Amino acid sequence: MSRCFGSRACKPHSSAVPPSGQGRRGPGWCLAPDTPSGAVAGPGLACGPVDSPPMAPLPKRFPDRVEIASVRAEAEQLEPGEERGDAHRVAGRVLARRDMGKLVFLDLVDRSGRIQLLAREEKTGPLDLDLGDVVGAEGVPARTKRGEPSLAATSIELLAKNRRPLPDKVHGLQDVELRYRQRYLDLLVNEESRADALLRSRVVSAIRRYLDAHGFVEVETPILQPRYGGAFAEPFVTHHNALDADYYLRIATELYLKRLIVGGLEKVYEIGKDFRNEGTSYKHQPEFTMLEWYEAYADYRDTMARMEELVATVAQEVNGTTTTTFRGNELDLGSWRRLKLLDALDEHGLWTRDEAELRNRLQEREVDTKHDTTWAQLVDHALERFVEPALIEPTILHDYPIELSPFARATDDDPSIVERFEYFVGGMELGNAFSELNDAEEQAERFAMQASEREAGAGETELGDEDYVEALSYGMPPTGGLGLGIDRLTMVLAGRDTIRDVILFPALRER
RNA sequence: GGGCCGUUAGCUCAGCUGGUAGAGCAGGGGACUUUUAAUCCCAAGGUCGUAGGUUCGAGUCCUACACGGCCCA
């Protein structure tokens with residue numbers, strides 16, 4: 001069998017150990033291939049001293065480790081020059097080294113922070129360490145004469161060897177392409193990147209905590225779907241070999257989640273990836289993370305209130321405040337303006353039911369409307385172009401035309417307007433919500449309406465889903481549902497201008 | 001898809017109207033027991049994104065392509 005699942009017999013050289021120099025520094029950053037019996041690459045490769053003896057096997061664990069931040073906090077209590085307290089063990093990356101002869105200062109960084117190690121040769125012996133090496137250290141909290149919180153090391157052991165030069169220790173990794181392609185380097189040397197990754201994790205867990213505490217159950221629905229729906233978007237298409245059928249990567253979780261409401265789960269949510277086969281921008285990625293929730297016996301006004309509470313709660317838990325600075329604007333996520341879509345368009349002189357008139361007014365404003373074939377499309381274009389970019393303060397925009405919203409219930413006083421809202425921060429849409437349409441027959445009519453929009457030339461419409469209509473025919477309680485872009489919320493909370501800064505591995509062309 | 005900008009040492013960046021490529025950091029050798037972008041001495045490091053073209057001569061000018069960024073659709 002050619003496959004190897006960890007069997008030792010499969011290893012070409014069972015005694016292979018990492019090549020290394022035993023000089024003061026390692027063999028440099030050349031990448032020597034696996035070599036038998038610990039031998040270092042031959043002289044032709046110019047890879048450090050050929051006479052280096054093999055390095056001892058590195059430890060497989062480093063127990064009883066504490067966070068660097070906690071040791072630092074303890075050291076900060078000391079007077080300059082003091083060295084006192086219980087011994088602690090810390091581990092992390094060596095990111096700076098200042099040699100003073102028999103005394104060496106090392107900066108050690110872990111996820112929690114940075115601390116200086118005081119390494120005296122009489123205690124630790126000579127240090128064979130390069131920048132980027134992973135080490136474990138044991139020592140006593142100390143403060144140097146200059147007051148730097150430190151750990152006076154009694155022992156330092158190598159846990160993993162770095163064989164490549166690190167990015168510039170002052171400027172870090174600046175090249176945006178390299179930061180995305182080699183995110184591990186970005187995280188390693190750029191503290192802000194590490195902070196953003198950790199912040200995103202706190203955002204997601206705060207969302208879960210809120211929803212779990214309010215009686216929602218987290219569920220998982222299919223990513224591979226025989227039909228796609230729940231949004232206006234191009235899907236990624238794939239093929240299921242065993243079923244011999246094309247499948248789609250989901251563009252939304254909506255229709256499956258509502259089937260669960262039909263089934264009586266009452267309050268459900270899912271946090272997961274959606275896929276839309278479209279270009280990228282500061283707020284778009286083809287693969288992104290979406291929260292959707294559905295709450296039985298609630299309408300869109302209840303959903304507005306819950307969204308406001310959730311966002312404020314998450315901001316408070318993650319940042320300790322509901323204010324944030326996003327794209328140059330200071331914003332308070334604890335206070336949302338509510339604005340009717342009709343009034344928002346009217347403010348810009350763009351509210352009219354007359355298609356030709358709306359087209360004229362847009363063209364007067366030098367908007368190219370030749371791709372907009374229906375009144376609803378023109379409204380959508382007007383919104384995108386004039387209304388949304390102006391919604392800087394947190395704003396709930398509500399009551400949408402029925403043609404744009406095939407899953408929302410009509411308002412009480414106007415059957416052409418539905419109970420739907422989208423909410424915006426810094427001119428960017430965070431999400432979309434409505435009082436869910438729960439009448440099977442009306443849902444079938446809405447799909448038919450989408451078909452006629454499509455025949456009229458509307459590019460983005462909802463394809464029908466008979467299976468979903470059948471689910472509704474069993475009766476779905478009145479329900480409020482909402483989608484929230486996790487990446488975008490994280491952008492706002494982290495104060496990042498581009499979605500790529502809050503997605504660890506953004507989509508890039510293969511090189 | 002269109003326009004503009006970028007691509008030089010592992011990283012961060014210089015490189016003028018065309019005249020055989022530079023620095024700092026990292027890496028190598030050495031000195032130093034309170035440094036923190038440590039400092040000092042020595043040596044080394046490049047197919048200037050790729051492929052063509054113009055020219056006596058191209059990192060520099062021209063064309064195409066690749067990758068990335070910004071703006072527009």
Side-chain angles (χ1 to χ4, degrees), chain A residues 20-32 40 45-52 72 75 78-83 93-109 114-133 142-153 161-182 184-186 188-191 234 278-284 327 366-372 381 384-385 389 459 497-501 506-511:
Chain A
S20 167
Q22 287 290 77
R24 198 176 64 83
R25 300 289 173 91
W29 43 265
C30 74
L31 240 201
V40 171
L45 292 178
C47 268
V50 181
D51 56 341
S52 305
R72 186 183 178 89
L78 302 174
E79 296 297 318
E82 232 185 331
E83 195 171 313
R93 289 267 179 190
V94 176
L95 288 189
R97 173 176 177 142
R98 296 174 292 279
D99 271 78
M100 300 293 303
K102 292 189 175 59
L103 174 66
V104 179
F105 300 94
L106 301 172
D107 283 358
L108 191 69
V109 174
R114 178 185 286 247
I115 197 167
Q116 174 173 271
L117 296 182
L118 281 172
R120 301 185 178 93
E121 195 183 273
E122 74 215 32
K123 295 248 170 97
T124 63
L127 293 178
D128 177 19
L129 289 178
D130 294 312
L131 295 192
D133 284 354
R143 251 182 118 176
T144 62
K145 290 172 189 166
R146 296 269 182 96
E148 180 72 18
S150 306
L151 185 75
K161 187 72 194 162
N162 173 36
R163 305 191 184 286
R164 298 274 198 154
L166 287 184
D168 194 287
K169 73 176 178 189
V170 181
H171 306 96
L173 189 62
Q174 296 298 323
D175 185 301
V176 291
E177 189 178 348
L178 282 181
R179 287 182 48 223
Y180 302 149
R181 287 192 195 279
Q182 295 181 274
Y184 50 92
L185 283 181
D186 181 37
L188 215 54
V189 299
N190 295 337
E191 201 177 335
E234 277 297 306
E278 291 154 7
T280 66
S281 78
Y282 81 92
K283 57 183 178 182
H284 291 98
R327 298 203 142 231
E366 296 183 344
V367 177
D368 176 4
T369 61
K370 69 169 175 283
H371 297 293
D372 304 313
H381 203 154
E384 193 180 309
R385 178 70 186 272
D497 286 352
T498 163
I499 195 168
R500 288 179 299 248
D501 281 348
L508 291 178
R509 218 176 271 273
E510 191 67 46
R511 229 187 355 191

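The chains referred to below are lettered A, B, ... by the order of the sequence lines, with proteins before strands, and numbering in each begins at 1. In this text the structure is predicted, and so the values were computed from the model without any measurement.
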### Message
Does a side-chain N or O of A/Arg509 approach OP1 or OP2 of B/rC65 to a distance below 4.0 Å, or not?
### Response
no

Any N/O pairs under 3.5 Å between the protein and nucleotides 7-9 of chain B? List them or say none.
none

### Message
Considering every strand and a 4.0 Å limit on heavy-atom distances, what is the contact class for A/Glu121: base, sugar-phosphate, or nothing?
### Response
nothing

### Message
Using atom P in both nucleotides, what's the gap between B/rG28 and B/rG10 to the nearest angstrom?
### Response
16 Å

### Query
Would A/Asp372 and A/Lys370 pass as an ion pair if we require N to O under 4.0 Å?
no

### Query
Mind checking the P distance from B/rG15 to B/rU8? Whole angstroms is fine.
14 Å

Between protein and nucleotides 21-24 of chain B, what N or O pairs are separated by less than 3.5 Å?
unit_1: B/rG24; atom_1: N2; unit_2: A/Asp168; atom_2: OD2; d: 2.5

### Message
Under 4.0 Å, counting only non-hydrogen atoms across every strand here, what does A/Leu508 touch: a base, just sugar-phosphate, or nothing?
### Response
sugar-phosphate

### Task
Look at all strands and tell whether A/Val170 reaches a base, only sugar-phosphate, or nothing, counting heavy atoms closer than 4.0 Å.
base

### Task
Using the C1' atom on both, measure B/rA58 against B/rU17 and round to a whole Å.
14 Å

### Message
At less than 4.0 Å, is any side-chain N or O atom of A/Arg500 found next to OP1 or OP2 of B/rG68? Yes or no.
### Response
no

#### Entry: Distance test, side-chain N/O of A/Arg98 to OP1/OP2 of B/rU34, below 4.0 Å
no

### Task
Would you please test A/Leu108 and A/Arg93 for side-chain contact (heavy atoms from CB on, under 4.5 Å) and show each step?
CA-CA 5 Å; A/Leu108 191 69; A/Arg93 289 267 179 190; 5.7 Å; no

### Query
Rounding to the closest angstrom, what is the interatomic distance between B/rC61 and B/rA14 at atom P?
16 Å

### Query
With a non-hydrogen cut-off below 4.0 angstrom, is A/Gly172 in contact with a base, only sugar-phosphate, or nothing?
sugar-phosphate

### Query
Which listed nucleotide (B/rG28, B/rU35, B/rA73) is nearest to the side chain of A/Arg385?
B/rA73

### Task
For A/Asp107, report the nucleic acid contact type (base, sugar-phosphate, nothing); a contact means any heavy atom under 4.0 Å.
nothing

### B/rC32 to B/rG46 separation - C1' atoms, rounded to the nearest Å
33 Å

### Query
Mind checking what makes side chain to side chain donor-acceptor pair (under 3.5 Å) contact with A/Arg179, not counting sequence neighbours?
A/Asp186

### Task
Take A/Leu173 and A/Leu118, find for each the nucleotide of RNA chain B with the closest heavy atom, and name the residue whose nucleotide sits nearer the 5' end.
A/Leu173

### Task
Heavy atoms only: give me the nearest A/Pro389-A/Glu384 pair and the separation to one decimal.
CD-O, 3.3 Å

### Task
Please list, chain by chain and in numerical order, all residues satisfying side chain to side chain donor-acceptor pair (under 3.5 Å) with A/Gln182, sequence neighbours excluded.
A/Tyr184

### Query
Base, sugar-phosphate, or nothing: which does A/Gln174 touch, judged by heavy atoms less than 4.0 Å apart?
sugar-phosphate

#### Entry: Charged tip of A/Arg500 within 45° of A/Tyr282 ring normal and under 6.0 Å
no

### Message
Restricting to side chain to side chain donor-acceptor pair (under 3.5 Å), what partner residues turn up for A/Arg114, sequence neighbours left out?
### Response
A/Asp107

### Under-4.0 Å side-chain N/O to phosphate OP1/OP2 contact, A/Arg164 with B/rG10
no

### Query
Are any side-chain N or O atoms of A/Asp99 and backbone N or O atoms of A/Gly101, one a donor and one an acceptor, separated by less than 3.5 Å?
no

### Task
Identify whether any heavy atom of A/Arg181 sits under 4.0 Å from a base atom; if not, whether one sits that close to sugar-phosphate; answer base, sugar-phosphate or nothing.
sugar-phosphate

## Note on the structure
A/Glu83 meets the salt bridge (charged side-chain N to carboxylate O under 4.0 Å, His left out) criterion, sequence neighbours left out, with A/Arg120

#### Entry: Toward the 5' end of RNA chain B, by each residue's nearest nucleotide, A/Leu178 or A/His371
A/Leu178

